[in-house]
4 protein chains.
Amino acid sequence: MHHGNRHGRSEQARQAVLQAVDGLLVERGFAGVTMEGIAARAGVAKQTVYRWWPSKVDVLMDAFIDDMEQHLTPPDHGDLGRDLRAHLADLAEFLTTSDSGAVFRALAGQAQHDPAVAARLRTDYLGQQRARDELPLRRATERGELPADIDLEFAVDQLVGPVYYRVLVTGGSVSRGFTDELVARFLAQH
Amino acid sequence: MHHGNRHGRSEQARQAVLQAVDGLLVERGFAGVTMEGIAARAGVAKQTVYRWWPSKVDVLMDAFIDDMEQHLTPPDHGDLGRDLRAHLADLAEFLTTSDSGAVFRALAGQAQHDPAVAARLRTDYLGQQRARDELPLRRATERGELPADIDLEFAVDQLVGPVYYRVLVTGGSVSRGFTDELVARFLAQH
Amino acid sequence: MHHGNRHGRSEQARQAVLQAVDGLLVERGFAGVTMEGIAARAGVAKQTVYRWWPSKVDVLMDAFIDDMEQHLTPPDHGDLGRDLRAHLADLAEFLTTSDSGAVFRALAGQAQHDPAVAARLRTDYLGQQRARDELPLRRATERGELPADIDLEFAVDQLVGPVYYRVLVTGGSVSRGFTDELVARFLAQH
Amino acid sequence: MHHGNRHGRSEQARQAVLQAVDGLLVERGFAGVTMEGIAARAGVAKQTVYRWWPSKVDVLMDAFIDDMEQHLTPPDHGDLGRDLRAHLADLAEFLTTSDSGAVFRALAGQAQHDPAVAARLRTDYLGQQRARDELPLRRATERGELPADIDLEFAVDQLVGPVYYRVLVTGGSVSRGFTDELVARFLAQH
DNA sequence: TGATAAACGAGACGGTACGTCGAGTCTTCGT
DNA sequence: ACGAAGACTCGACGTACCGTCTCGTTTATCA
């Protein structure tokens, strides 16, 4: 067992904390996640948690970012329709089904209450995510499938907006049919 | 001065509580809203708040529902494009600018943490709201501007989804240009 | 069922309240007696209790006084020693064993915290009780068994003081041997 | 400033709490002593009070025990009568006049409602106190002033019982004349 | 023989204190 | 130097009773 060292933080403690927060969120929900509980479950002193993370949201954010590394790189089939359909389906599955998606929804929820969380979520997640969202469109413009002057921001909002809306607001299912239809309508505009 | 009676609750207390919660949310944010604070600001005993509302979210919900009564009835100009543009602009203003919109965002945030809030939000707000969202489309089908077999659910998601997405996720501005473009793209599909 | 009348209170309600308070004291102790609980157990409105008794102590006091009516009249055998022994034994049994004794101990306890209770206890209980305590001595002076100028106050304190002391302070048993010895020592002084 | 450490509690906090409870009892009476009030007056968090004392009675008990350390050691004049008169006078003054006496009366009152308080009062106060009460008698038997087989328990009850009785029950004054007479009557028996 | 006023049940009200939980800070000791 | 442990202040939680009040109902008395 590791108990302190003179050179930098304990990676062991960091991992334990991040795992603990994931577990707590899944088992007890956002309200059930407390700094006290995280420390206890991680077998770590409360102060150790506070030393590296200012709040439980920051712990969740780190856990989320860690988990996101390997996610959601959209495929490249050389065909805009096919790429978009696959990407939106992936996105829907991520948001509704995966553990990381649950963490994201929790963070998005908290972002409504706390502008700092909102800001952090945008810099650390949305930036990369929108880059991934734009990728199929960008490749299509390069291939000439889309006009070069297309407004990528607007196009992405049109495509993913309804998906997030269903997930975060209506709670409706986000079926493959739904995402495919979104793509079809989008393609019909150009 | 009224202080309780056999036949039900004090309307005075109810109003004071709902006003207090609105004020607190706007001035101090969601975390700054506490049952204790609501009672204090309303000049009401804590027990009186607990007697009628199980949690601060329920107080917010009631305040929100109360405020929503007079809102967001979409206009009828006899023209689909004009109606939709006006309605989306109204919606954007409600979500981003109004006090009620702030309450809605807080509730939508909390809905991510608590399924009961999500359910309540859907039954008490989304139902009516989507009825309002559909109204211009429904009138257009009656006028023959839109095909009779149009999928209203899908159409509404397409139209309002990107608006909610910007408000709740990206934090981007929801300008008149943005909503107008959404309407233009939608009309181009039919 | 009785529900109020123009002139005078409901005897039914009074009885129910006094019984309720006795029951609560025995079952749940002094702290378990509350105005709320008395009303509930008596099947009576809280206001009805407050209308007739200012506090739970007053209810207890009334219940106690009611119960005391038929108690502790010292016997008259025409012999000081015999009378005193019997009276002290009765007193000891009352204080340690009877339900009324439990109420008395509770009231005596509360009297330490509240001068008003102390005053009420003295006027409503101690007055009569000390008259009863003095009775054997008074009769003995009339018979010439005791000098006419004896200080009755002091004599009573000497006799009953140690009994109350054991009951209220040390918690020691108050056996027949103990009370008999008190009498013997007292008689030895004269 | 000290704020918690691994090895035990803050002595500063302990002292502040004990002083606060003494002050509150004297100024506002037993009912005016609350855990909330103790914490506030001591400038200490409520949780800190609860961490070390389960109830206000326990705080009072500790304060009382602390204060009792330096009290009531009976004098030794080598003469039973003189020793007893002095000791009973001291006892009377302690019970009726001193701040500690007020705390004792409050605890004795509470002991009537709560057996645990009664038990604690006996072990922590009565044990030592009766040892002090017996001391003059014990010395007298050694000197031969009293028979060696005297029942000390009984003798102490006879001597102090009437004093406690007046203090706790009748509320009568406990004058020097009264205590002297008690001693005189006691000596007359032997 | 009503009307009417007191006492009743019910229970909401503004309060105070309860005892608990978690937040975030600080100090000590062990590794 | 860092981590474990845990005491500290602080603020909110949700509950129990307090004592006051208003409401609508019941019932003995008196006009």
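Below, chains carry the letters A, B, ... as their sequence lines are ordered, and counting in each starts from 1. Worth saying up front: this structure is predicted, and the values here are computed from it rather than measured.
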Asks: Judged by each residue's nearest nucleotide on DNA chain F, which is more toward the 5′ side, A:Ala13 or D:Ala13?
Replies: A:Ala13
Asks: Roughly how many Å is it from CZ in C:Arg41 to C1' in F:dC17, rounded to a whole number?
Replies: 18 Å
Asks: Specify the separation, in whole Å, of atom CD1 of A:Ile38 and atom P of E:dG24.
Replies: 11 Å
Asks: Take B:Met35 and D:Gly43, find for each the nucleotide of DNA chain F with the closest heavy atom, and name the residue whose nucleotide sits nearer the 5' end.
Replies: D:Gly43
Asks: Would you kindly give the CZ-to-C1' distance between B:Arg14 and E:dC13, to the nearest whole Å?
Replies: 17 Å
Asks: What is the separation between atom CG on D:Leu24 and atom C1' on E:dA17, rounded to the nearest whole Å?
Replies: 14 Å
Asks: Once you round it to whole Å, what is the distance between C1' of F:dC13 and CH2 of B:Trp53?
Replies: 18 Å
Asks: Do D:Arg9 and D:Trp52 form a cation-pi contact, if we require the NZ or CZ to be under 6.0 Å from the six-membered ring centre and within 45 degrees of the ring's axis?
Replies: yes
Asks: Show the nearest heavy-atom pair for residues B:Val57 and B:Gln110, with the distance to one decimal.
Replies: CG2-CG, 3.6 Å
Asks: Nearest heavy atom decides the nucleotide; on that basis, is D:Glu36 or C:Ala42 closer to the 5' end of DNA chain E?
Replies: C:Ala42
Asks: Please report the distance, rounded to the nearest Å, between CG in A:Asp58 and P in E:dG24.
Replies: 10 Å
Asks: Between C1' on F:dA16 and NZ on C:Lys56, what's the gap in Å once rounded to a whole number?
Replies: 13 Å
Asks: Under the salt bridge (charged side-chain N to carboxylate O under 4.0 Å, His left out) criterion, do A:Asp22 and A:Arg41 qualify, and how do the steps go?
Replies: CA-CA 11 Å; A:Asp22 267 350; A:Arg41 181 190 261 241; over 6 Å; no
Asks: Which pair of heavy atoms, one from B:Met35 and one from B:Trp53, lies closest together, and at what distance?
Replies: CE-O, 3.5 Å
Asks: Contact list please: residues 45-52 of chain D against DNA chain E, heavy atoms, distance less than 4.0 Å, in numerical order.
Replies: D:Lys46, D:Gln47, D:Tyr50
Asks: Please name the pair of heavy atoms, one in C:Leu121 and one in C:Met61, separated by the smallest distance, quoted to 0.1 Å.
Replies: N-CE, 3.8 Å
Asks: Rounded to whole Å, how long is the line connecting atom CD of A:Glu11 with atom C1' of F:dC2?
Replies: 15 Å
Asks: Answer whether the closest heavy-atom distance between the side chains of C:Val21 and C:Phe64 falls below 4.5 Å.
Replies: no
Asks: According to the interplanar angle, ranging from 0 to 90°, do the rings of A:Tyr125 and A:Phe104 count as parallel (below 30°), tilted (30 to 60°) or perpendicular (above 60°)?
Replies: tilted
